[in-house]
Amino acid sequence: MSQTAHMLERTRAILADLVAFPTVSADGNTALIGYADSILREAGARSFVTFDETGTKANLFATLGPDGDGGIVLSGHSDVVPTDGQEWTSDPFELREEDGKLHARGACDMKGFIACCLAMVPAFAEAELKRPIHFAFTYDEEVGCFGARALMEELERAAIKPSVCIIGEPTSMRIIEGHKGCFEYTTEFTGTGGHGSQPDKGVNAVEIAVRYVTRLMELGEALKRKAPAESPFEPPWTTVQVGRMEGGSARNVIAGHCAVEWEMRPVVDEDAAFVKDALARYVETDLLPAMQAIAPETGIAVRTIGEVAGLEPMPDSEALALVSELTGGRERDVVAFGTEAGLFQDAGIATVVCGPGSIDQAHQPDEYVDLDQLEACLEMLARLVKRLAET
């Protein structure tokens, strides 16, 4: 068996183990983190694991090679989205191979990349690395990048200063130099209940929420006119989207509560401030006075789920130069979906997104990653081993 075939077989076996851990954010990821940590420690890695306040979710950060600044980070999130309501043709947490595709929840997003990294651990460990290689596996990317936020704080406390990060999100191994931010919120409206025959005697939370959403959509239209002329994104403007709205109990009962889940994906930070400031003014000058004139106890509260900065294109980035060398790719692109990359960039680490699989498969029933994509990723990492042993 050739070395490439051996590494691909090892990757497939590790991926089968990884997808068997049902790391939906609501359920935690500590078993997977323990599994990955054992592979790294067996190879001599220095690692630390940090937990969230519940103790059910953890980040892993591990290092091979010399101590010191200037290392390369290989980063991936370990959580996956739920399978509820999806039609799968096989068990989503059992790897199934068919026609060169490996199917399972998370196979593409993004346990395929993590499997490649873990499969390459012995090669990194055996090489005489001149720079450190770091492995960062996080929790809760899918629900707000909370794990990566905590990891950035840990790295700062530990005075660990990598210079480059490769986020292995599924890009079909294309080099991604930029993406929009992702800001997520839930706005909750507290009204007063009552009989539907006397709506003027209550504050209907659903009706107030509709007015709020209408204003939000107006701001979304205004953002289209604010799109930077040089914006590389599609669409080029900051988008606003309402994903879920829930409230009320029956058609003949005044709704006492309503919640709206919404997001925006800023092209520039100023757009986020524009939306939040305009909404806050509308609430203070229009909605709240109308509500509290009827019932002073009513209110509106905005809960921030997550505010993740975008990845800003940096043409002279060390990360771009390195990954271009490793993959042979010279084209650089941007994407609309968000990642943890902006958090690494904000920490002063040159960052790009490049990993196996297509984003079109992420979150889908019968999610899969192609074997040739895993092979391409392994080839990139093998070149990285050689590169770090030389310089």
Side-chain angles (χ1 to χ4, degrees), residues 1-19 21 29-50 58-78 110-138 151 154-155 158-168 173 318-319 322-323 325-327 344 349 351-352 354-356 373-391:
M1 181 182 292
S2 70
Q3 182 65 18
T4 299
H6 172 73
M7 291 306 301
L8 191 58
E9 187 60 32
R10 176 175 166 81
T11 301
R12 182 194 283 107
I14 292 174
L15 181 56
D17 290 340
L18 292 177
V19 300
F21 296 108
N29 72 333
T30 54
L32 182 149
I33 291 297
Y35 170 88
D37 194 24
S38 67
I39 291 176
L40 284 153
R41 282 186 171 271
E42 185 176 339
R46 308 174 299 280
S47 69
F48 62 84
V49 176
T50 55
N59 289 324
L60 169 63
F61 191 85
T63 302
L64 287 165
D67 290 321
D69 299 340
I72 312 299
V73 181
L74 302 175
S75 182
H77 65 81
S78 62
M110 54 183 299
K111 292 178 178 179
F113 177 73
I114 294 176
C116 288
C117 292
L118 293 175
M120 289 297 298
V121 164
F124 282 111
E126 292 165 9
E128 295 184 6
L129 303 181
K130 304 298 192 296
R131 295 171 67 179
I133 183 75
H134 305 291
F135 302 83
F137 304 139
T138 61
L151 179 62
E154 288 294 332
L155 295 186
I160 298 173
K161 299 178 181 178
S163 61
V164 168
C165 178
I166 302 171
I167 305 280
M173 294 304 295
E318 181 187 357
L322 175 63
V323 179
E325 175 187 333
L326 298 177
T327 63
F344 284 88
I349 303 169
T351 304
V352 296
C354 181
Q373 285 284 300
L374 296 180
E375 185 174 353
C377 184
L378 289 169
E379 289 172 354
M380 176 185 75
L381 296 178
R383 295 188 189 105
L384 180 59
V385 173
K386 184 177 179 181
R387 180 76 159 72
L388 295 184
E390 293 173 346
T391 58

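Predicted, not measured: the structure shown is a model, and the values here were computed from it.
The shortest distance between side-chain heavy atoms of Ile160 and Thr63 does not fall below 4.5 Å. Under the 4.5 Å side-chain criterion, counting only non-hydrogen atoms from C-beta, Ser78 is not in contact with Phe21. Contact annotation: the side chain of Tyr35 approaches that of Ile14 to within less than 4.5 Å [non-hydrogen atoms, C-beta and beyond]. When side chains are defined from C-beta on, Pro162 counts as touching Val73, because their heavy atoms get closer than 4.5 Å. Looking only at side-chain heavy atoms (C-beta outward), Leu118 and Phe135 stay at 4.5 Å or farther from each other. Residues Leu151 and Thr50 fail the side-chain proximity criterion, which asks for heavy atoms closer than 4.5 Å. Between Asp37 and Phe137 there is no side-chain heavy-atom pair separated by less than 4.5 Å. Contact annotation: the side chain of Met173 approaches that of Cys354 to within less than 4.5 Å [non-hydrogen atoms, C-beta and beyond].
In this structure, CZ in Arg383 is found 12.0 Å from CG in Leu322, a value given to the nearest 0.5 Å. For the atom pair CD (Glu379) and SG (Cys116), the distance works out to 10.5 Å, reported to the nearest 0.5 Å. Taken from CG in Asn29 to CG in Asn59, the straight-line distance is 7.5 Å, to the nearest 0.5 Å. To the nearest 0.5 Å, atom CD1 of residue Ile133 and atom CG of residue Leu388 are 5.5 Å apart. Here the SG-NE2 distance, from Cys117 to His134, works out to 13.5 Å after rounding to the nearest 0.5 Å. Here the CG-CD1 distance, from Leu326 to Ile166, works out to 6.0 Å after rounding to the nearest 0.5 Å.
What you find for Gly355 and Gln373 is that their closest heavy atoms are O-OE1, 4.3 Å. What you find for Cys165 and Ala319 is that their closest heavy atoms are O-CB, 4.4 Å. Taking each heavy atom of Ala58 and Thr30 in turn, the nearest pair found is CB-CG2, 4.3 Å. Taking every heavy atom of both residues into account, Thr351 and Ile349 meet most closely at OG1-O, 2.8 Å. Of all non-hydrogen atoms in Leu15 and Gly112, the two that sit nearest each other are CD1-N, 3.8 Å. When all heavy atoms of Ser75 and Phe113 are compared, the closest pair comes out as O-CE2, 3.4 Å.
Checked by atom type and distance alone, the side chain of Arg131 never pairs as donor or acceptor with a backbone atom of Glu390 at under 3.5 Å. When atom types are taken as modelled, the side chain of Ser163 and the backbone of Gly70 share a donor-acceptor pair closer than 3.5 angstrom.
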Per-pair distances, 0.1 Å, donor-acceptor, side chain in residues 120-129, under 3.5 Å, sequence neighbours excluded:
none

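Within 6.0 Å of CD on Glu325 lie more than 12 heavy atoms contributed by other residues, nucleotides or ligands. Heavy atoms of other residues, nucleotides or ligands lying less than 6.0 angstrom from NZ of Lys130 number more than 12.
Of the residues Asp17, Leu18, Leu60, Val19, the one that meets the side chain to side chain contact (heavy atoms under 4.5 Å, CB included) test with Leu32 is Leu18.
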_Step-by-step salt bridge (charged side-chain N to carboxylate O under 4.0 Å, His left out) determination, Glu9 to Arg12_ = CA-CA 5 Å; Glu9 187 60 32; Arg12 182 194 283 107; 2.3 Å; yes

*Take Arg387 and Ile72, measure what side chain to side chain contact (heavy atoms under 4.5 Å, CB included) needs, and give me the verdict at the end.*
CA-CA 11 Å; Arg387 180 76 159 72; Ile72 312 299; over 6 Å; no

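Using a 3.5 Å distance cut-off with no hydrogens or angles, the side chains of Thr138 and His77 do not pair a donor with an acceptor.
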